[in-house]
Structures are given as C-alpha cells and as structure tokens.
Undergrad: 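Got a structure here, written out as structure tokens. Questions coming.
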Amino acid sequence: MARKKIALIGSGQIGGTLAHLASLSEMGDVVLFDIAEGTPEGKALDIAESSPVDGFDAKLSGTQSYEAIAGADVVIVTAGVPRKPGMSRDDLVEINLKVMKQVGAGIGKYAPDAFVICITNPLDAMVWALQKFSGLPANKVVGMAGVLDSARFRYFLADEFDVSVQDVTAFVLGGHGDTMVPLIRYSTVAGIPLPDLVKMGWIEQSRLDEIVQRTRDGGAEIVKLLKTGSAFYAPAASAIAMAESYLKDKKRVMPCAAHLSGEYGIDGMYVGVPTVIGAGGIERVVEIEMDKDEKAQFDNSVDSVKGLIEACQRLAPELA
Ligand code: APR
C-alpha cells in the first residue's frame, strides 16, 4: 500500500511541529508549503536528516507551489499570522481571511478529496471561510480547537488531583475564544464527574472555577510567556490526533469545530461540538443535553462566532 500524503499549508511553528510529529509516527509522506521561501525546504530537510536517528521512513519536501499538494489525503492549515501579547484571536480576522482565500483555492484545485483540518485563528470563522473558499464538502473540513482546549483542561485537572492525564476526560464546547464552554458535568476522573469530586472533597468549587477560567485563558497564558508567538506543541499534537482518527478510521469522539446543519439549532456555521471522526470525515455530530446555564454560555459563545462570521462577510462579500 502506498504511503499516505500529508500536506501542511503553513510551515511556521505549528507547521514544523506537525511535520515532525507526522514523520515520527510514520503517518505518511509530508509536504510542507509556505509562501516564505526556504522555510518549508529547510524544515523538511532538517526533519528528514533526523530520520536515520529516529528510524522513521517518510519523504519530506518543502514547496511554494500548490501543485505539490496534489492528491494529499490530509491537509492541515496553519497559514496566517499568530497573535502577539495583548491581541485577541479576533484581531487576526482581516489578515487571515485573505490567507484563507488563497489557501482555499489551492486546496480546492489540488486536493479536493482531502480531509482538511484548519488551525488558523480566529478558528471558527476561518474554518467556515476556508470551507467556502475551497468548495470541499463540509464534512471533510473541520477546525481544531476542542481537542486542544479539552487537553488544557485535562492537564490542569490531572495536575491538580495528582492523577494520570490518561484518566481525566474533559469536554469543552463552543467557539475557540474567551467564550468557550468547559462542561464540568461531562468532565470526569476515571468516570467520576467533577461535581461528584467536589462533593467527595477532592476540590473546592471555587478552585474548580479558577481552573475553568485558566482553561479559557489557556492560549493567552502561552502567548504572554512566549512573547513572540502563540502555542504550537499542543495545537500540533491535537491536530495529529484528529488526522490519525481519519486515516485509521478510528471513529474517535472528539470535540471539533464542525459545520452544523440544524444540530444544536444552528444552521450553516462552524461551532465546537463533540463529533465522531472516521474515514468519512466528520461522521456524526453528537448532540448532548445542556442545562439552562450551560445552554446560556453556549449561546453566548455561538453569538460571538456569529459576530466574527459577519465581519468576514463584510470583508469578503462573496461569502455572504
Ligand atoms: N500562504 C501560506 N503560508 C502563509 C501565508 C499564505 N498566504 N501567509 C502566511 N503564511 C505562513 C507564514 O510564512 C508562516 O511561516 O504561515 C506561517 C505561520 O507560522 P507562524 O507565524 O509560526 O504561526 P503558528 O504559530 O504556526 O500559528 C499559525 O495557527 O494557532 C493559529 O493563531 C495561530 O493563526 C495562527 C496559526
């Protein structure tokens, strides 16, 4: 069986990490694309030179030409600019929307059968625009946010309880922004929901509230520390897990920014919801029940995504 082909559009901090992770796990051959000449070529060669040491077989190449992504099985998009300290993800709309237009055209022409994972921020609006610009089916274009936000929540909880990250599950829904909704009731340690752990005296409610807030601010915390860019290790690992679920038809249940057609009462928007990812792309959107408070938070998050989409439509009327 021929190797799979993974195309990475954007070869910056996340793109380079994606290339390394995809190679180490022998996910397939990797094409790094970037408009910056030399960056994708240099990263491809550097990672290829590590292959004899780490013992993986993968062909890596760098390019400025969309033709090179032809026939890709998976395309992961990180092209654009990351935020700097003091900026919100929403400040990136104008510049990154233009990037999505170019990238969407390239994918539509050369990799129309790929499973496309968008990471570029502001995520929920950029993945929506990318799907429209590319013309690919909505179930094959998805945004990476929920896996990362949930991973941050899981890490903070595991650290707090001093238990393995493997035994902590967590759900974060809504948009990938300050309004994201970490769902306490559906987050567990070895199956025990967090509200029960509060009752059991493992944690005070006020401390749990602090962890929820830290999760919401998780991206900003990294931006503040790095000063020159945003997070890249955890975002890359999250997208690789999604790509693996697609390529191996694992049908993992993962929170992703998925296109909704009536689910959760929303039509024609991308919002973070639990999904099943398999060989068919987004095979199912899982509709969980929310209580009044959770629903209010979710609606608030959806409203902020709506605002971003409207901003995109003003900037690119063809998206209206
Ligand atoms: N086409 C292709 N690549 C582009 C384009 C374009 N039109 N415009 C910019 N790029 C490239 C840049 O040259 C750079 O190498 O995208 C890359 C982005 O890399 P970084 O600046 O290192 O950003 P990164 O940390 O990887 O984040 C990328 O993901 O999480 C989001 O907010 C983040 O939107 C940002 C994106």
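Residues take their numbers from the sequence shown, with the count starting at 1. Every number for a ligand or one of its atoms is a count from 1 in the order of the listing.
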Undergrad: Of all heavy-atom pairs between R152 and I222, which one has the smallest distance, and what is that distance?
TA: NH2-CG1, 4.3 Å
Undergrad: Please determine whether the number of non-hydrogen atoms from other residues, nucleotides or ligands lying under 6.0 Å from atom CZ of R284 exceeds 12.
TA: no
Undergrad: Looking only at heavy atoms, what is the nearest atom pair of I282 and A258, with distance?
TA: CG2-CB, 4.5 Å
Undergrad: Could you find the nearest protein heavy atom to atom 12 (C) of ligand 1 and give me its residue, atom name and distance?
TA: D34 OD1, 3.5 Å
Undergrad: So which protein heavy atom does atom 35 (C) of ligand 1 come closest to, and at what separation?
TA: V81 O, 3.5 Å
Undergrad: How close does the nearest protein non-hydrogen atom get to atom 19 (O) of ligand 1, and which residue and atom is it?
TA: G12 CA, 3.3 Å
Undergrad: To the nearest 0.1 Å, how far is atom 3 (N) of ligand 1 from its closest protein heavy atom, and which atom is that?
TA: A79 CB, 3.4 Å
Undergrad: Look at the side-chain heavy atoms of Ile, Leu, Val, Met, Phe, Trp and Tyr, link any pair under 4.5 Å apart, and say whether V99 and L123 land in one connected group.
TA: no
Undergrad: Could you name the option among I9, L8, T78 that has the heavy atom nearest to atom 28 (C) of ligand 1?
TA: T78
Undergrad: Using a 4.0 Å heavy-atom cut-off, say whether Q13 meets ligand 1 through its side chain, its backbone, both or neither.
TA: both
Undergrad: Please check whether T39 reaches ligand 1 - meaning an N/O of the residue sits under 3.5 Å from an N/O of the ligand, judged on distance alone.
TA: no
Undergrad: Please tell me whether V93 and I95 are part of a single hydrophobic cluster in this structure, the criterion being side-chain heavy atoms less than 4.5 Å apart.
TA: no
Undergrad: What's the shortest distance from atom 31 (C) of ligand 1 to any protein heavy atom, and which residue and atom give it?
TA: I119 O, 3.4 Å
Undergrad: Is G80 close enough to touch ligand 1? Criterion: a residue heavy atom under 4.0 Å from a ligand atom.
TA: yes
Undergrad: Look at atom 32 (O) of ligand 1 and say which protein heavy atom is nearest, naming residue and atom and giving the distance to 0.1 Å.
TA: N121 ND2, 3.0 Å
Undergrad: Given side chains that start at C-beta, do those of I266 and V273 come closer than 4.5 Å, heavy atoms only?
TA: no
Undergrad: I'd like to check whether I14 has a polar contact with ligand 1, where a contact means an N/O of the residue lying under 3.5 Å from an N/O of the ligand.
TA: yes
Undergrad: For D209 and Q213, does a side-chain donor sit closer than 3.5 Å to a side-chain acceptor?
TA: no
Undergrad: Indicate the atoms forming the closest heavy-atom contact of V30 with A22, along with that distance.
TA: CG2-CB, 4.1 Å
Undergrad: Counting C-beta onward and ignoring hydrogens, is there a side-chain heavy-atom pair between F298 and V271 closer than 4.5 Å?
TA: yes
Undergrad: Any chain of hydrophobic side-chain contacts (each under 4.5 Å) joining L247 to L24?
TA: yes
Undergrad: Taking only heavy atoms of V99, which atoms of ligand 1 are found under 4.0 Å from at least one of them?
TA: 5 (C), 6 (C), 7 (N), 8 (N)
Undergrad: Heavy-atom pairs closer than 4.0 Å: do any link ligand 1 to the side chain of N96, the backbone, both, or neither?
TA: side chain
Undergrad: Just to confirm my output: which protein heavy-atom neighbour is closest to atom 1 (N) of ligand 1, and how far is it?
TA: I35 CG2, 3.6 Å
Undergrad: Please could you name the atoms of ligand 1 that Q102 approaches to less than 4.0 Å, counting only its heavy atoms?
TA: 6 (C), 7 (N)
Undergrad: So which heavy atom in the protein is nearest atom 23 (O) of ligand 1, and how far is it from that ligand atom?
TA: P82 CG, 3.5 Å
